[in-house]
Amino acid sequence: MNGRPINILEFPIHLGLRKKAGDIEPGVRHLPGWLRSFGLHERLHSATVAELLPPDYTMKQEGEPLLLHVPEIAQYALQQAELLGEQLERQPEHLALLLGGDCSILIGTMLALKQRGRYGLFFVDGHTDYIPPSLSTTGGVAGMDLAIVAGMGDERLTHLHGQQPYVEQSHIYCVGNREYDEPYVRPVLESDVHYVDLQAVRQQGMAVVAQNFLDQVESEQLDGFWIHLDVDVLHHDLMPAVDSPADDGLYYEELTALLQPLLNSKKVAGMELTILDPSLDADGTYTRPFVQWLVDILS
């Protein structure tokens, strides 16, 4: 990495997911503490500079089509954006590392960045998360977060502080999707998002895709960029402790080749981690190597 100190912000919201049968609530809310228990904070020599606990998980659905927890997620995003914005203003030389939580934390993140200037987004996920509410089978906002920050979706989430869109479609790289059903990928294909699915990123090369994004950041004279990392982009054998597992996925060596050039850039404002569910990895079999990878790539 480029030697910048790291500040950790903990945003363990779980309201964007539909709970599994028999669950009280999605287990991703425990991710920050789980990573701490494996020594992440200590090994990165980092302090938690902000923490925002989520509202109660109620399974409340509203709207047409029905979506989960929209008012609560909107309020959380506003509070998250304020905390992140304050941190970026106070210590811009630090790299912000956000620990979710589910992928709905992207809303507050990109809102905070939009209020600071023009930022790009390198979105690494095993899904596109770029669908309208009408295509959602769960009503979970965490499955539509990329669409929301690009301005598509429920206006209670897309128009916070009148800032819609929080990031321009053409300033987004969506990398790593491996859900290839045509109706699912059609919205992102019809957008101006730079879409590079799992097959394509392997064909083009990890470093090439990363450099193409960095070249755009420079050519568009963006103020910076953000990295979103949903751990379900990892190969299923390496990280099955996620809410929507699928076959295949990136190996750690591939993910390093993809993200290291970005983390070496002076333009990166931070990175967020989402979806690892401690309740699905009770003995840490999958978390332990993930934390080691994270320490290695951030050190």
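For clarity, every value in this text was computed on a predicted model and none was experimentally measured.
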Legend entry - Spatial distance of atom CD (Gln199) from atom CG (Asp248) [nearest 0.5 Å]: 8.5 Å
Inset, instruction - Check the side chains of Gln164 and Thr158 for a donor-acceptor pair under 3.5 angstrom, ignoring hydrogens and angles. - result: no
Legend entry - Minimal non-hydrogen separation, Ile172 against Ala150, with atom names: CD1-CB, 4.0 Å
Legend entry - Side-chain donor-acceptor pair present, Thr128, Asn177, cut-off under 3.5 Å: no
Inset, instruction - Would you confirm whether Glu254, through its side chain, and Tyr251, through its main-chain N or O, come within 3.5 Å as a donor-acceptor pair? - result: yes
Legend entry - Side-chain heavy-atom pair Asn7, Leu97 within 4.5 angstrom cut-off: no
Inset, instruction - Output the distance between atom CG (Asp154) and atom CE (Met144), rounded to the nearest 0.5 Å. - result: 9.0 Å
Legend entry - Rounded distance (nearest 0.5 Å) linking atom NE2 of His235 with atom CG of Leu198: 9.0 Å
Inset, instruction - Report yes or no: do His171 and Gln216 form a side-chain donor-acceptor pair below 3.5 Å? - result: no
Legend entry - Whether Tyr184 side chain and Asp129 backbone form a donor-acceptor pair below 3.5 Å: yes
Inset, instruction - Ignoring hydrogens and angles, state whether a donor on the side chain of Gln91 or Gln87 is under 3.5 Å from an acceptor on the partner side chain. - result: yes
Legend entry - Taking every non-hydrogen atom, the tightest pair across Met152 and Pro187: CE-CB, 4.5 Å
Legend entry - CD (Glu51) with more than 12 external heavy atoms under 6.0 Å: yes
Inset, instruction - Examine Phe213 and Val208 and state if one hydrophobic cluster contains both, with Ile, Leu, Val, Met, Phe, Trp and Tyr joined whenever side-chain heavy atoms are less than 4.5 Å apart. - result: no
Inset, instruction - Kindly check if the number of other-residue, nucleotide or ligand heavy atoms within 6.0 Å of CD (Glu42) is above 12? - result: no
Inset, instruction - Mark yes or no for whether Tyr57, through its side chain, and Lys19, through its backbone, hold a donor-acceptor pair below 3.5 Å. - result: yes
Legend entry - Main-chain N/O of Leu15 paired with Asp102 side-chain donor or acceptor, under 3.5 Å: yes
Legend entry - Side-chain ion pair, Glu218 and Lys267, N-O less than 4.0 Å: yes
Inset, instruction - Inspect the surroundings of CG in Asp283 and state if more than 12 heavy atoms from other residues, nucleotides or ligands are less than 6.0 Å away. - result: yes
Legend entry - Between Thr287 and Trp34: side-chain donor-acceptor atoms closer than 3.5 Å: yes
Inset, instruction - Give a yes or no on whether a salt bridge exists between Arg202 and Asp197, defined as a side-chain N under 4.0 angstrom from a carboxylate O. - result: no
Legend entry - Test ring-ring contact (aromatic ring centres under 6.0 Å, His included) applied to His69 and Tyr76, step by step: CA-CA 10 Å; His69 304 120; Tyr76 190 93; over 10 Å; no
Inset, instruction - Verify, without hydrogens or angle tests, whether Lys114 (side chain) and Gln163 (backbone) share a donor-acceptor contact under 3.5 angstrom. - result: yes
Inset, instruction - Hey, can you tell me if Tyr173 and His194 have their rings parallel, tilted or perpendicular (30° and 60° cut-offs)? - result: parallel
Inset, instruction - Grab the two heavy atoms, one from Val141 and one from Leu68, that are nearest each other, plus how far apart they are. - result: CG2-O, 3.9 Å
Legend entry - Spatial distance of atom CG (Leu17) from atom OG1 (Thr274) [nearest 0.5 Å]: 9.0 Å
Legend entry - Atom pair SG/OH of Cys174 and Tyr130 - distance to nearest 0.5 Å: 9.5 Å
Inset, instruction - Would you check if Leu78 and His161 make a side-chain contact, meaning some heavy-atom pair closer than 4.5 Å? - result: yes
Legend entry - Met206 and Gln211, any side-chain heavy atoms less than 4.5 Å apart: no
Inset, instruction - Heavy atoms only: give me the nearest Thr48-Arg36 pair and the separation to one decimal. - result: OG1-NH2, 3.1 Å
Distance-only criterion, 3.5 Å: show the donor-acceptor pairs between side-chain atoms of residues 117-126 and protein atoms not counting sequence neighbours.
residue: Arg118; atom: NH1; partner: Glu220; partner atom: O; Å: 3.0
residue: Arg118; atom: NH1; partner: Gln221; partner atom: O; Å: 3.4
residue: Asp125; atom: OD1; partner: His127; partner atom: N; Å: 2.8

Inset, instruction - Show your working on side-chain contact (heavy atoms from CB on, under 4.5 Å) between Val149 and Leu146 and close with a plain yes or no. - result: CA-CA 5 Å; Val149 300; Leu146 185 57; 4.1 Å; yes
Inset, instruction - Could you go through the side-chain contact (heavy atoms from CB on, under 4.5 Å) check for Met271 and Leu273 one step at a time? - result: CA-CA 7 Å; Met271 179 169 72; Leu273 309 175; 4.1 Å; yes
Legend entry - His228 side chain reached by Asp145 side chain, heavy atoms, under 4.5 Å: yes
Inset, instruction - For the residue pair Phe290 and Leu234, establish whether any side-chain heavy-atom pair is separated by less than 4.5 Å. - result: yes
Inset, instruction - May I ask you to decide if Glu93's main-chain N or O and Arg4's side chain share a donor-acceptor pair within less than 3.5 Å? - result: yes
Inset, instruction - Tell me, please, which residues at least two apart from Pro240 pass side chain to side chain contact (heavy atoms under 4.5 Å, CB included). - result: His236, Tyr286
Legend entry - Check: Ser46 side chain, Ile6 main-chain N or O, donor-acceptor pair, under 3.5 Å: yes
Inset, instruction - State whether a side-chain donor-acceptor pair under 3.5 Å links Ser279 with Asp277. - result: yes
Legend entry - Short side-chain to backbone donor-acceptor contact, Arg178 and Asp247, under 3.5 Å: yes
Legend entry - Heavy-atom side-chain contact between Leu160 and Tyr166 under 4.5 Å: yes
Inset, instruction - Ignoring hydrogens and angles, state whether a donor on the side chain of Ser299 or Arg43 is under 3.5 Å from an acceptor on the partner side chain. - result: no
Inset, instruction - Please test Leu262 against Val268 for side-chain contact (heavy atoms from CB on, under 4.5 Å), starting from the C-alpha separation and ending with a verdict. - result: CA-CA 7 Å; Leu262 305 181; Val268 62; 5.7 Å; no
Inset, instruction - Specify the closest pair of heavy atoms between Val209 and Val196, including all atoms of both residues, with the distance to one decimal. - result: CG2-CG1, 4.1 Å
Legend entry - Atom CG of Asp56: over 12 foreign heavy atoms under 6.0 Å: no
Inset, instruction - Check step by step if side-chain contact (heavy atoms from CB on, under 4.5 Å) holds for Asp296 and Thr256. - result: CA-CA 9 Å; Asp296 288 344; Thr256 297; over 6 Å; no
Inset, instruction - Report the residues that fulfil side chain to side chain contact (heavy atoms under 4.5 Å, CB included) with His30, sequence neighbours left out, ordered by chain and then residue number. - result: Pro278
Inset, instruction - Taking all heavy atoms of Leu135 and all of Pro183, pick out the closest pair and write down the distance. - result: CD1-O, 3.6 Å
Legend entry - Heavy-atom side-chain proximity of Leu259 to Leu229 below 4.5 angstrom: yes
Inset, instruction - Determine whether Phe11 and Thr109 make a side-chain contact, defined as any pair of heavy atoms from C-beta on separated by less than 4.5 Å. - result: no
Legend entry - Pairwise distance NE2(His94) to CD1(Ile8) - rounded to 0.5 angstrom: 11.5 Å
